[in-house]
Amino acid sequence: MICEFVRANRYLHLSVEKFCLPIFKFGRVLSTMREIKVKGTSSMCSTTVSDEESQIPQSESISDNQDSPLGVKFTPEIEKKYVHRVYDAIAPHFSSTRFAKWPKVAAFLSSLPSGSLVLDAGCGNGKYLGLNPDCFFIGCDISHALIKICADRGHEVLVADAVNLPYKTDFGDAAISIAVLHHLSTESRRKKAIEELVRVVKKGGLVLITVWAAEQEDRSLVAKWTPLSPKYVEEWIGPGSPRDRNSPSSFKLESIPETEENSMGHIKDFKDLTSRSEDDSVASNDVRNINNQQEYFVPWHLPYHRAEVSGASASALENGLAKKDDKKGAVVYNRYYHVFSEGELERLVFGMENAVVVDRFFDKSNWCVVLEKTS
């Protein structure tokens, strides 16, 4: 990360050059760049981003070899379109709804020794930065708009990707990733993000990770989400997705329309969705797939009075990234989510030689784990 970041009155006057890795550019090199300076109360971080997007330059589409060391760092189009661009567009409104601290996360941060350096990967609006006044916090997020909100509040932050954290190995004493991994669209990228969290903490350091659970306590919420069809998952997400890319599917390349039923097991006019099916056995298999659904579009309703008429929302409407809901008086954005089944988070850690799970729990419809770095 290209940074000029000086800690003026805390953490021993360390500069970012002491802990940031050199910036690596993946994919095509953009000819025009601009420098965005993000200021905290006593610091400044200058991050080079493209004019085309307010984020680290990424490839235009997913790599053919997602599991390669280089390919896993390429951002799939579905994440750029339905995560990065959406959060940039809804940042102020999203931030206004994110102020309550989860007790379990607050307890974890409060338990850390005095003087600990905590790295918050995917810090959002920074609601956990500075929660423990005896610790030092550095936050990062892929959304420039959210990082600006953090910086305006005086936090030490920078724009960065969860699968390519800009910190040197063994730098922090602890790290947190709160409600972030479910926005990564392949298993290899989710695993890489965990590896990065472990890499950047010291031996003995703790890492807290929380993700949305497939086992939601309020099933009426799930009925408002749009399941992604298996074919959509295969074509958009590619290698590393939960389904075998070569497995047959009777669905067209589109998301399944949101249903009016409260139960995911009863979908209206299901035959209309499986018109390409040639027999009832294929249709029944697809019903089971929907009941086991883990890939969703989750709507965010941005009220008209909060939408920038000539800004991001107008562009999103024009490009089809969002739609108007006049009944609710809102611009509706879809956010990509991969919800985690029980045990899935732990399985991503399994096989890592330098980390162990020291705690796991289910809290507010989230699966959570605490890892300890062992070497």
Side-chain angles (χ1 to χ4, degrees), residues 19 98 100-141 155 160-165 167-184 187-217 294 337-375:
F19 63 86
R98 295 300 186 268
K101 279 77 172 176
W102 290 359
K104 295 278 190 178
V105 178
F108 172 83
L109 294 174
S110 297
S111 71
L112 297 174
S114 178
S116 294
L117 175 60
V118 185
L119 307 175
D120 186 347
C123 62
N125 71 341
K127 71 176 184 178
Y128 291 112
L129 298 176
L131 185 141
N132 184 340
D134 296 323
C135 295
F136 307 107
F137 289 79
I138 299 174
C140 68
D141 200 282
H155 297 305
D161 194 328
V163 300
N164 191 24
L165 294 177
Y167 313 116
K168 290 184 177 179
T169 301
D170 301 328
F171 177 67
D173 298 294
I176 60 174
S177 172
I178 310 303
V180 175
L181 264 62
H182 49 232
H183 288 309
L184 302 180
E187 181 175 312
S188 57
R189 283 173 59 77
R190 295 188 283 270
K191 186 176 181 65
K192 179 62 177 176
I194 295 175
E195 292 172 349
E196 280 290 274
L197 289 165
V198 172
R199 179 186 66 78
V200 299
V201 299
K202 301 173 183 175
K203 179 180 179 181
L206 299 178
V207 175
L208 170 64
I209 302 170
T210 77
V211 294
W212 280 22
E215 300 83 357
Q216 290 288 305
E217 295 166 297
Q294 288 185 262
Y337 278 78
H338 167 87
V339 291
F340 281 64
S341 59
E342 182 176 6
E344 183 178 353
L345 194 52
E346 293 93 319
R347 287 194 293 273
L348 290 177
V349 181
F350 182 76
M352 292 180 62
E353 298 180 352
N354 61 341
V356 295
V357 176
V358 295
D359 193 13
R360 63 182 295 272
F361 52 93
F362 184 82
D363 183 47
K364 299 183 184 298
S365 295
N366 284 258
W367 289 113
C368 315
V369 296
V370 178
L371 312 179
E372 180 180 351
K373 186 171 182 175
T374 55
S375 62

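No experiment lies behind these values; they were computed from the predicted model shown. The first residue in the sequence is number 1, and the count goes up from there.
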Trainee: Strictly by ring-ring contact (aromatic ring centres under 6.0 Å, His included), give each pair with a member in residues 193-212 just once, sequence neighbours left out.
Mentor: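 Listed by first then second residue: His182-Trp212, Trp212-Trp225, Trp212-Tyr337.
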Trainee: Any chance you could lay out the side chain to side chain contact (heavy atoms under 4.5 Å, CB included) test for Phe137 and Asn132, step after step, and finish with the verdict?
Mentor: CA-CA 9 Å; Phe137 289 79; Asn132 184 340; 4.2 Å; yes
Trainee: Which value, rounded to the nearest 0.5 Å, describes the distance between Lys104 atom NZ and Lys364 atom NZ?
Mentor: 10.0 Å
Trainee: If you measure from NZ on Lys202 to NZ on Lys373, what distance do you get to the nearest 0.5 Å?
Mentor: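 NZ of Lys373 is found 11.0 Å from NZ of Lys202.
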Trainee: Please answer whether the main-chain N or O of Cys368 pairs with a side-chain N or O of Asn366 as donor and acceptor at a distance below 3.5 Å.
Mentor: no
Trainee: Determine yes or no for a side-chain-to-main-chain donor-acceptor pair under 3.5 angstrom, with Thr210 supplying the side chain and Ala179 the backbone.
Mentor: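 Indeed, once roles are kept as given, a pair shorter than 3.5 Å links the two residues.
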Trainee: Nearest 0.5 angstrom please: Lys127 NZ to Trp102 CH2, how far?
Mentor: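 If we round to the nearest 0.5 Å, Lys127:NZ and Trp102:CH2 are 6.5 Å apart.
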Trainee: So, does Arg190 use its side chain to make a donor-acceptor pair with the main chain of Leu181 at under 3.5 Å?
Mentor: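 It does not hold such a pair.
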Trainee: What is the minimum heavy-atom distance between Arg98 and Asn125, and which atoms define it?
Mentor: O-ND2, 2.7 Å
Trainee: Show, in sequence, the C-alpha distance, side-chain angles and deciding distance for Leu348 and Glu187, and conclude whether the side chain to side chain contact (heavy atoms under 4.5 Å, CB included) test is met.
Mentor: CA-CA 8 Å; Leu348 290 177; Glu187 181 175 312; 3.6 Å; yes
Trainee: Check this for me: does any side-chain nitrogen of one of Glu196 and Arg199 sit under 4.0 Å from a carboxylate oxygen of the other?
Mentor: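 Salt bridge: yes.
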Trainee: Donor-acceptor pair, distance only, cut-off 3.5 Å: does the side chain of Ser177 make one with the backbone of Ile209?
Mentor: no
Trainee: Where does the angle between the aromatic ring planes of Tyr167 and Phe171 fall among parallel (under 30°), tilted (30 to 60°) and perpendicular (over 60°)?
Mentor: parallel
Trainee: Please name the pair of heavy atoms, one in Ala121 and one in Val180, separated by the smallest distance, quoted to 0.1 Å.
Mentor: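 Heavy-atom minimum between the residues: O-CG2, 3.5 Å.
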Trainee: Please check: side-chain N/O of Asp173 versus main-chain N/O of Leu117, any donor-acceptor pairing under 3.5 Å?
Mentor: yes
Trainee: Search all heavy atoms of Phe362 against all heavy atoms of Ala213 and return the closest pair with its distance.
Mentor: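 Shortest heavy-atom contact: CE1-CB, 3.5 Å.
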Trainee: Would you say the side-chain atoms of Trp367 and Glu215 include a donor-acceptor pair closer than 3.5 Å?
Mentor: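 Glu215 and Trp367 do have a side-chain donor-acceptor pair below 3.5 Å.
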Trainee: Just how far is it from atom CD1 of Ile176 to atom CG of Leu206, taken to the nearest 0.5 Å?
Mentor: 12.5 Å
Trainee: Distance check, rounded to the nearest 0.5 Å: Lys192 atom NZ versus Asn164 atom CG?
Mentor: 7.5 Å
Trainee: Of Asp359, Ile194, Leu208, Asn354, which meets side-chain contact (heavy atoms from CB on, under 4.5 Å) against Leu371?
Mentor: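 The passing option is Ile194.
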Trainee: Please step through side chain to side chain contact (heavy atoms under 4.5 Å, CB included) for the pair Cys135 and Leu109, ending with a clear verdict.
Mentor: CA-CA 9 Å; Cys135 295; Leu109 294 174; over 6 Å; no
Trainee: Just to verify, which of Leu119, Asp120, Leu129 counts as forming a side-chain contact (heavy atoms from CB on, under 4.5 Å) with Ile138?
Mentor: Leu119
Trainee: Nearest 0.5 Å, please: how far is CZ in Arg360 from CD in Glu342?
Mentor: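 If we round to the nearest 0.5 Å, Glu342:CD and Arg360:CZ are 5.5 Å apart.
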Trainee: Please say whether more than 12 non-hydrogen atoms of neighbouring residues, nucleotides or ligands are located less than 6.0 Å from CD in Glu353.
Mentor: no
Trainee: With side chains defined as the heavy atoms from C-beta onward, is the minimum distance between His338 and Phe340 less than 4.5 Å?
Mentor: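 Yes, at least one pair of side-chain atoms sits under 4.5 Å.
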